Amino acid sequence: MAFFRSVSALSRLRSRVGQQSNLSNSVRWLQTPTSSNTDLFAELKELVPEYQDRVKKLKKEHGSVELGKITVDMVLGGMRGMTALVWLGSAVDPDEGIRFRGMSIPECQKKLPGAFPGGEPLPEAVLWLLLTGKIPSKEQVDSLAQELRSRATIPEYAYKAIDALPVSAHPMTQFTTGVMALQVQSEFQKAYEGGIAKARYWEPTYEDSMNLIARLPAIAAYIYRRKYKDGKIIPLDDSLDYGANYAHMLGFDDPEMLEFMRLYISIHSDHEGGNVSSHTAHLVASPLSDPYLAFAAALNGLAGPLHGLANQEVLRWIRSIVAEFGTPDISTEQLTDYINKTLSRGQVVPGYGHGVLRQTDPRYTCQREFALKHLPNDPLFQLVSKIKEVVPPILTKLGKVKNPWPNVDAHSGVLLNYYGLTEENYYTVLFGVSRSVGIGPQLIWDRALGMPLERPKSVTLEKLEQLCAK
Ligand code: NMX
Ligand code: MLT
């Protein structure tokens with residue numbers, strides 16, 4: 001069925017190591033196509049020394065600059081608000097939301113190449129941006145799409161590892177298992193065992209991260225086909241981009257669904273470094289565990305209902321509302337009663353609230369705009385719109401919820417459902433594939449910048465009490 005691709009990543013790596021580095025000093029957050037280089041690795045190789053110098057300078061000249069104080073609330077409160085790690089790809093402003101290398105979602109929609117003029121940003125474009133900080137040209141994006149397709153072959157044993165699980169296993173369990181099977185091909189592990197020098201760690205990390213990103217859609221699609229369809233693999237289409245190919249391998253070819261998948265992957269790719277999945281990947285990679293090991297750990301965090309699994313919970317909750325009233329066309333009073341019932345059972349309203357955001361998530365907003373354009377009359381979309389009006393005042397009234405507004409997960413399910421992807425237990429796998437586009441680049445930079453083993457200090461309860469008594 002599937003075989004390793006003929007040109008191995010290792011031989012590509014060897015040939016690249018021989019290439020001359022061509023240092024450019026002019027590239028820092030320029031956000032315009034600044035080179036015609038269509039090889040992402042070569043582009044990165046030019047950037048690495050400059051970034052290394054910046055980190056060296058920060059450590060040498062500003063190592064003791066304080067970034068804030070640590071309070072008991074932070075230590076007991078999930079480290080909320082504690083600045084504790086560097087993440088290059090994106091940053092989240094509590095009010096404005098995500099910026100990818102400084103660019104908001106509407107800016108990305110305007111400036112990043114799409115599959116057609118005016119189309120949603122291609123995930124390949126986001127990947128290029130996150131890794132280099134530069135807006136790629138269409139030629140660069142096409143070249144990256146081709147590179148990802150060339151890396152996308154799945155070894156037979158990865159399918160077999162998934163097949164060893166019962167079909168009833170949750171898709172996220174199957175997905176993590178598939179990623180762990182892919183780990184067998186880790187170039188970083190091989191290179192480390194071969195004695196690679198620290199200065200070159202990022203090169204096999206690049207190979208692993210790119211291979212991982214390239215292979216995830218096929219693994220993820222297999223899980224979907226196995227669990228919900230006939231189990232037959234739909235092969236990759238060489239003419240399609242990353243997002244479209246994933247939809248195609250799942251079994252969806254409606255051009256609107258392909259376009260939604262491009263948007264979906266792009267907006268779910270990265271959300272700075274402190275979220276559970278990204279932070280987990282960074283932490284697990286810090287003792288030099290390879291990208292597969294780190295990403296599998298990240299997926300296990302993503303599978304929690306307060307994080308990525310919330311997209312599954314949202315659609316389940318919306319369906320439970322429809323089941324309760326026999327129709328999605330319900331009154332504000334009926335919806336209010338249902339939300340209060342959810343809260344009185346000691347449950348959260350899924351899709352609402354956030355650890356950092358304090359306004360409506362712009363990822364929610366852009367999905368709403370997509371829905372308004374393509375499915376304004378869909379009854380579940382109309383229900384989601386109504387929920388957005390009714391939930392925030394109720395959560396605000398509780399007096400403890402810091403952000404009563406909708407997050408990314410409040411919207412994605414109804415769009416997927418509209419296009420025929422109705423099996424909500426699969427939704428977090430889509431989030432997981434997307435998140436690799438953000439995590440992969442950071443793992444490469446972690447190695448390029450020589451980021452050390454992560455090991456914060458903990459404190460006992462007794463010690464905390466003693467410190468507070470002083
Ligand atoms: N429904 C009910 N209660 C909530 C909600 C909500 N949507 N959001 C927060 N609260 C409660 C929270 O449980 C906590 O209660 P308690 O003190 O009794 O433990 C209180 O409000 C304070 O929590 P916050 O400080 O506002 O939120 P925190 O930063 O701790 O948690 C989330 C953030 C996202 C975990 C939380 O808002 C939540 O559980 N939301 C629902 C699940 C969800 O949508 N998660 C997806 C987040 C995005 N993602 O993709 O990861
Ligand atoms: C994410 O995309 O990771 C979520 O919004 C959660 C977060 O940022 O904490």
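Both ligands and their constituent atoms are indexed starting at 1 by order of listing. A quick note: this is a predicted structure, and the numbers were derived from the prediction, not measured. Residues: numbered from 1 along the sequence shown.
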request  = Mark up the atoms of ligand 1 that fall under 4.0 Å of a heavy atom belonging to Ala310, in ascending order.
outcome  = 43 (C), 44 (O), 45 (N), 46 (C)

request  = Could you tell me whether His307 and ligand 1 have an N or O pair separated by under 3.5 Å?
outcome  = yes

query = Any idea which residues sit under 4.0 Å from ligand 2, heavy-atom distances?
reply = His271, Asn275, His307, His354, Arg363, Phe431, Arg435

query = Going by atom types only, do Asp446 and Gln442 share a side-chain donor-acceptor pair under 3.5 Å?
reply = yes

Which side-chain N or O atoms in residues 451-470 pair as donor and acceptor under 3.5 Å with protein atoms at least two apart or in another chain?
| residue | atom | partner | partner atom | Å |
| --- | --- | --- | --- | --- |
| Glu454 | OE1 | His282 | NE2 | 3.1 |
| Glu454 | OE2 | His279 | NE2 | 2.9 |
| Thr460 | OG1 | Lys463 | N | 3.0 |

inquiry  = Are the side chains of Arg226 and Gln174 in contact, using a 4.5 Å heavy-atom criterion?
reply    = yes

key: Proximity of Asn275 to ligand 1 by residue part, where a heavy atom lies under 4.0 Å   = neither

message = Within the supplied structure, the quantity of interest is the number of heavy atoms (other residues, nucleotides, ligands) at a distance under 6.0 Å from Leu58 CG; does it exceed 12?
response = yes

message = Once rounded to the nearest 0.5 Å, what's the spacing between atom CD of Gln140 and atom CD of Glu43?
response = 6.0 Å

inquiry  = Looking only at protein heavy atoms, which one is nearest to atom 26 (O) of ligand 1, and what is the separation?
reply    = Lys402 N, 2.8 Å

request  = Using only heavy-atom distances, determine whether the side chains of Trp317 and Thr342 contain a donor-acceptor pair under 3.5 Å.
outcome  = yes

query = Does Met74 CE have over 12 foreign heavy atoms under 6.0 Å away?
reply = yes

Under 3.5 Å, side-chain donor or acceptor atoms of residues 119-131 against the rest of the protein: list the pairs with distances, not counting sequence neighbours.
| residue | atom | partner | partner atom | Å |
| --- | --- | --- | --- | --- |
| Glu120 | OE1 | Gln109 | NE2 | 2.9 |
| Glu124 | OE2 | Tyr242 | N | 2.6 |

query = In terms of residue, atom name and distance, what is the protein heavy atom nearest to atom 49 (N) of ligand 1?
reply = Asp409 OD2, 3.1 Å

query = Quick one: does Val349 get an N or O within less than 3.5 Å of an N or O on ligand 1?
reply = yes

request  = Could you list which atoms of ligand 1 come closer than 4.0 Å to a heavy atom of Gly353?
outcome  = 34 (C), 37 (O)

inquiry  = Would you say CH2 of Trp445 has more than 12 non-hydrogen atoms from neighbouring residues, nucleotides or ligands within 6.0 angstrom?
reply    = yes

request  = Measure the acute angle between the ring planes of Tyr224 and Tyr228, then classify it against the limits of 30° and 60° as parallel, tilted or perpendicular.
outcome  = tilted

ask   = Side chain, backbone, both or neither: which part of Val401 has a heavy atom under 4.0 Å from ligand 1?
value = both

query = Counting only heavy atoms, which portion of Leu395 has something under 4.0 Å from ligand 1: side chain, backbone, both, or neither?
reply = side chain

request  = Give yes if a backbone or side-chain nitrogen or oxygen of Leu306 is under 3.5 Å from a nitrogen or oxygen of ligand 1, and no if not.
outcome  = yes

List the atom pairs, donor and acceptor, that lie under 3.5 Å between side-chain atoms in residues 364-382 and the rest of the protein, sequence neighbours left out.
| residue | atom | partner | partner atom | Å |
| --- | --- | --- | --- | --- |
| Thr365 | OG1 | Asp361 | O | 3.4 |
| Gln367 | OE1 | Ser412 | N | 3.3 |
| Gln367 | NE2 | Arg363 | O | 3.1 |
| Gln367 | NE2 | Val408 | O | 3.1 |
| Arg368 | NH1 | Ser385 | OG | 2.9 |
| Asp378 | OD2 | Leu380 | N | 3.4 |
| Asp378 | OD2 | Phe381 | N | 3.0 |
| Gln382 | NE2 | Pro376 | O | 3.2 |

key: Closest protein heavy atom to atom 22 (C) of ligand 1, given as residue, atom name and distance to 0.1 Å   = Lys400 O, 3.3 Å

query = Short check: is a protein heavy atom less than 4.0 Å from atom 19 (O) of ligand 1?
reply = no

key: Atom pair CD1/OG1 of Ile223 and Thr173 - distance to nearest 0.5 Å   = 9.5 Å

Atoms of ligand 1 close to Leu343 [distance to a heavy atom under 4.0 angstrom, numbered from 1] = 2 (C)

ask   = Taking the six-membered ring of Tyr51, is NZ or CZ of Arg54 closer than 6.0 Å to its centre and within 45° of its axis?
value = yes

Nearest protein heavy atom with distance in Å, relative to atom 7 (N) of ligand 1 = Tyr352 O, 2.7 Å

key: ligand 1 versus Asn407: contacting region, heavy-atom distance under 4.0 Å   = side chain

ask   = Judged by non-hydrogen atoms, does Val314 sit under 4.0 Å from ligand 1?
value = no

request  = Give the intermediate values and the outcome of side-chain hydrogen bond (donor to acceptor under 3.5 Å, both in side chains) for residues Ser320 and Tyr338.
outcome  = CA-CA 10 Å; Ser320 75; Tyr338 197 84; 2.6 Å; yes

request  = Select one of side chain, backbone, both or neither to describe which atoms of Arg80 lie under 4.0 Å from any atom of ligand 1, heavy atoms only.
outcome  = side chain

ask   = Tyr419 and Phe252: aromatic ring centres closer than 6.0 Å?
value = no

request  = For atom 44 (O) of ligand 1, grab the closest protein heavy atom and report residue, atom and distance to one decimal in Å.
outcome  = Gly351 N, 2.8 Å

request  = Check ligand 1 against His354 and write out every atom of the ligand that is under 4.0 Å from a heavy-atom position of the residue.
outcome  = 29 (O), 33 (C), 34 (C), 37 (O)

query = Are a donor atom and an acceptor atom from the side chains of His271 and Ser278 found within less than 3.5 Å of each other?
reply = no

query = If you measure from atom 13 (O) of ligand 1 to every heavy atom of Ile394, Leu302, Val348, which option wins on shortest distance?
reply = Val348

